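Contents: one structure, followed by commentary.
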Amino acid sequence: MYDINQVRADFPILSRKVYDKPLVYLDNAATTQKPLCVLDAMRDEYLNVNANVHRGVHYLSQQATDLHEAARETVRKFINAPKVEEVIFTRGTTESLNLVVSSFSDAFMSEGDEVIISTMEHHSNIVPWQLQAAKKGIAIRVIPINDKGEINLDEFAGLFTERTKIVSIAQVSNVLGTVNPVKEMIKIAHEHGVPVMVDGAQSTPHFAVDVQDMDCDFFAFSGHKIYGPTGIGVLYGKEEWLDKLPPYQGGGEMIESVSFEKTTFEKLPFKFEAGTPDYVATHGLAKAIDYVSALGMDNIAKHEQELTRYCMDQMRTIDGIRLFGEQEGKDAVVSFLVGDIHHMDMGTLLDRLGIAVRTGHHCAQPLMDRYGILGTVRASFALYNTKEEVDALIAGVKRVSQMF
Ligand SMILES: Cc1ncc(COP(=O)(O)O)c(CN[C@@H]2CONC2=O)c1O
């Protein structure tokens, strides 16, 4: 286990006050805070190495390119991808998902073809499919979930038809904390000859991800959710699939040669990386990955699981509590309501106590519909949160509840 006090010292923002009260930051599913090593590395690159990457012949460009491509290798190793060419930098999970939805449906889907997603998906894994449905007439089939927020594998298997072309599924729900059995789901899909895209936005920060063990065909995550900078994300794709997909965006970097008669495209990963990449953010992401890897993903997972379990147990002592997502062993997210207190009221009053949570539909409105609610209050944990912060949350919720 790691020294929580030493870890918290790596994140100066955690010692600031809000409304003259100690900040209790529990909105990590939205974005995590950044350790000094990430911020220092990015500042140092702008100060001492800054140059555009890949085609410069001068020293700085080569140095910046070396950092950028070293970051790609760091990501490859972190998710255990077979080849560095299968690691594509994007702006985040949303762009990664949109890239596959757009290019895959262009190449392999026509009217009446089907995609399977789940009720618990984030809008970034719903709306892109709806845009394709409107454009190409594809059909979206939805895996139901039970009251505890879990997928039934038999119900999932029953959704496949001869028109099913792809499955796209969150590994972890950003509202429920449910950890989906993606490895088993992928096995079922592959028995139908159907590829699977996994939305790893809420799994990558919390436990070790192995894309080869999972055998997913595509995997997406965001840098800002794993203690890295905003504006950078990753799409992993099996080379066999990425080679078959048309480019997502056109421009510089992604071409081999351009003429008005004919244009040819770069090899992987550059075919999918149009324009100047955020080469400083990729460096920052690599430093964030180095940071969590040094702490140990298993240690982080154990710490967050203990916090989540403790929080759920304490929440159950609150009169009128309604918890959303009660899977045994769920991950790092606690969504709740208390009686008929509006989620915005609860969140606003907790904020005045220094406690930062998120309220609303969390970009998962179909999931809210499934539970017959408009929104929840969501606390989400990270490697630097403490049991004392959970106690502050529980005391805050009880104090606010007594105001109504
Ligand atoms: C499961 C899941 N998928 C995709 C995304 C999109 O990620 P980017 O915004 O980085 O592209 C999010 C963001 N999570 C939202 C963001 O704020 N609060 C949340 O729960 C998410 O939780």
Side-chain angles (χ1 to χ4, degrees), residues 25-34 75 88-102 117-131 142-143 145 149 151 167-180 182 185 196-207 209 216 218-236 248 278 281-282 284-285 288 304 308 324-325 327 330-336 343-344 347 351 356-368 370 375-382:
Y25 184 76
L26 300 176
D27 193 20
N28 296 285
T31 199
T32 53
Q33 301 303 341
K34 320 311 172 184
V75 172
I88 295 159
F89 286 123
T90 64
R91 289 183 307 117
T93 305
T94 299
E95 185 170 65
S96 297
L97 298 173
N98 273 274
L99 187 160
V100 174
V101 172
S102 174
I117 63 175
S118 86
T119 306
M120 67 176 82
E121 298 309 315
H122 183 274
H123 290 165
S124 60
N125 196 25
I126 298 172
V127 178
W129 295 114
Q130 293 175 321
L131 295 174
V142 182
I143 313 165
I145 61 173
I151 279 170
V167 173
S168 194
I169 184 81
Q171 187 168 17
V172 175
S173 164
N174 68 315
V175 175
L176 306 171
T178 301
V179 181
N180 286 318
V182 291
M185 296 174 81
V196 181
M197 171 154 71
V198 175
D199 170 354
Q202 297 294 349
S203 57
T204 318
H206 302 297
F207 52 80
V209 165
C216 56
F218 303 100
F219 186 88
F221 71 94
S222 296
H224 71 96
K225 296 188 189 290
I226 186 168
Y227 313 98
T230 48
I232 196 71
V234 170
L235 170 67
Y236 157 76
Y248 175 52
D278 189 336
T282 56
L285 172 58
E304 294 176 352
T308 305
F324 300 90
Q327 178 195 47
K330 61 178 264 181
D331 194 41
V333 175
V334 175
S335 283
F336 64 94
H343 50 86
M344 283 280 287
D351 173 50
V357 293
R358 188 156 291 258
T359 66
H361 56 64
H362 313 292
C363 296
Q365 284 179 283
L367 181 62
M368 302 295 121
R370 189 260 177 243
T376 73
V377 183
R378 182 190 71 185
S380 49
F381 305 113

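All of these numbers come straight from a predicted model, not from anything done at the bench. If you read the sequence from its start, that first residue is 1, and numbering goes on from there. Whatever order the structure lists them in is the order used to number ligands and atoms, beginning at 1.
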Hey, which atoms in ligand 1 end up nearer than 4.0 Å to a heavy atom of [X]?
X	value
Asn174	19 (C), 20 (O), 22 (O)
Ser222	7 (O), 8 (P), 10 (O), 11 (O)
His224	8 (P), 10 (O)
Ser124	3 (N), 4 (C), 5 (C), 6 (C)

Any nitrogen or oxygen of Arg358, side chain or backbone, less than 3.5 Å from one on ligand 1?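 Such a contact does not occur with ligand 1.
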Polar contact flag for Gln202 and ligand 1 (N/O pairs, less than 3.5 Å):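 It does: an N or O of Gln202 is found under 3.5 Å from an N or O of ligand 1.
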| request: Test side-chain hydrogen bond (donor to acceptor under 3.5 Å, both in side chains) on His224 and Thr32 and set out the steps. | output: CA-CA 6 Å; His224 71 96; Thr32 53; over 6 Å; no
How does [X] reach ligand 1, by side chain, by backbone, by both or by neither, if only non-hydrogen atoms under 4.0 Å count?
X	value
Glu95	neither
Arg378	side chain
Asp199	side chain

Do [X] and [Y] pair up side chain to side chain, a donor and an acceptor below 3.5 Å, judged on atom types alone?
X	Y	value
Asn28	Ser380	no
Gln171	Ser203	yes
Thr93	Ser222	yes

Specify the protein heavy atom at minimum distance from atom 17 (O) of ligand 1: its residue, its atom name, and the distance to 0.1 Å.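 Checking every protein heavy atom, the shortest distance to atom 17 (O) of ligand 1 gives Ala30 CA, 3.4 Å.
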Handout entry: atom 21 (C) of ligand 1 - nearest protein heavy atom and its distance
Key =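 Here the closest protein heavy atom is His122 CD2, 3.5 Å.
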| Per atom 11 (O) of ligand 1, closest listed option by heavy atom (Thr94, Thr31, Ile232) |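 The option holding the nearest heavy atom is Thr94.
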* Considering Arg91, Lys225, Gln171, which one's heavy-atom position lies nearest to atom 16 (C) of ligand 1? ->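 Residue with the shortest heavy-atom distance to the ligand atom: Lys225.
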* **Trace of the ring pair (Phe, Tyr, Trp, His ring centres under 6.0 Å) decision for His123 with His361** => CA-CA 10 Å; His123 290 165; His361 56 64; 5.5 Å; yes
Main-chain N/O of Asn180 paired with Thr178 side-chain donor or acceptor, under 3.5 Å: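 No; judged by distance alone, with no hydrogens or angles, the pair does not exist.
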Ignoring hydrogens and angles, tell me if any N or O in the side chain of Lys225 forms a donor-acceptor pair with the backbone of Ala30 under 3.5 Å.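 Here the side-chain-to-backbone pair exists.
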**Prompt:** side-chain contact (heavy atoms from CB on, under 4.5 Å) with Arg378: which of Leu26, Asp27, Leu176, Val357?
**Reply:**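 Of all the options given, the one that passes is Asp27.
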- prompt: About how many Å separate CZ of Arg91 and CG of Asn98, when rounded to the nearest 0.5 Å?
  reply: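 Taking CG in Asn98 and CZ in Arg91, the distance rounds to 9.0 Å.
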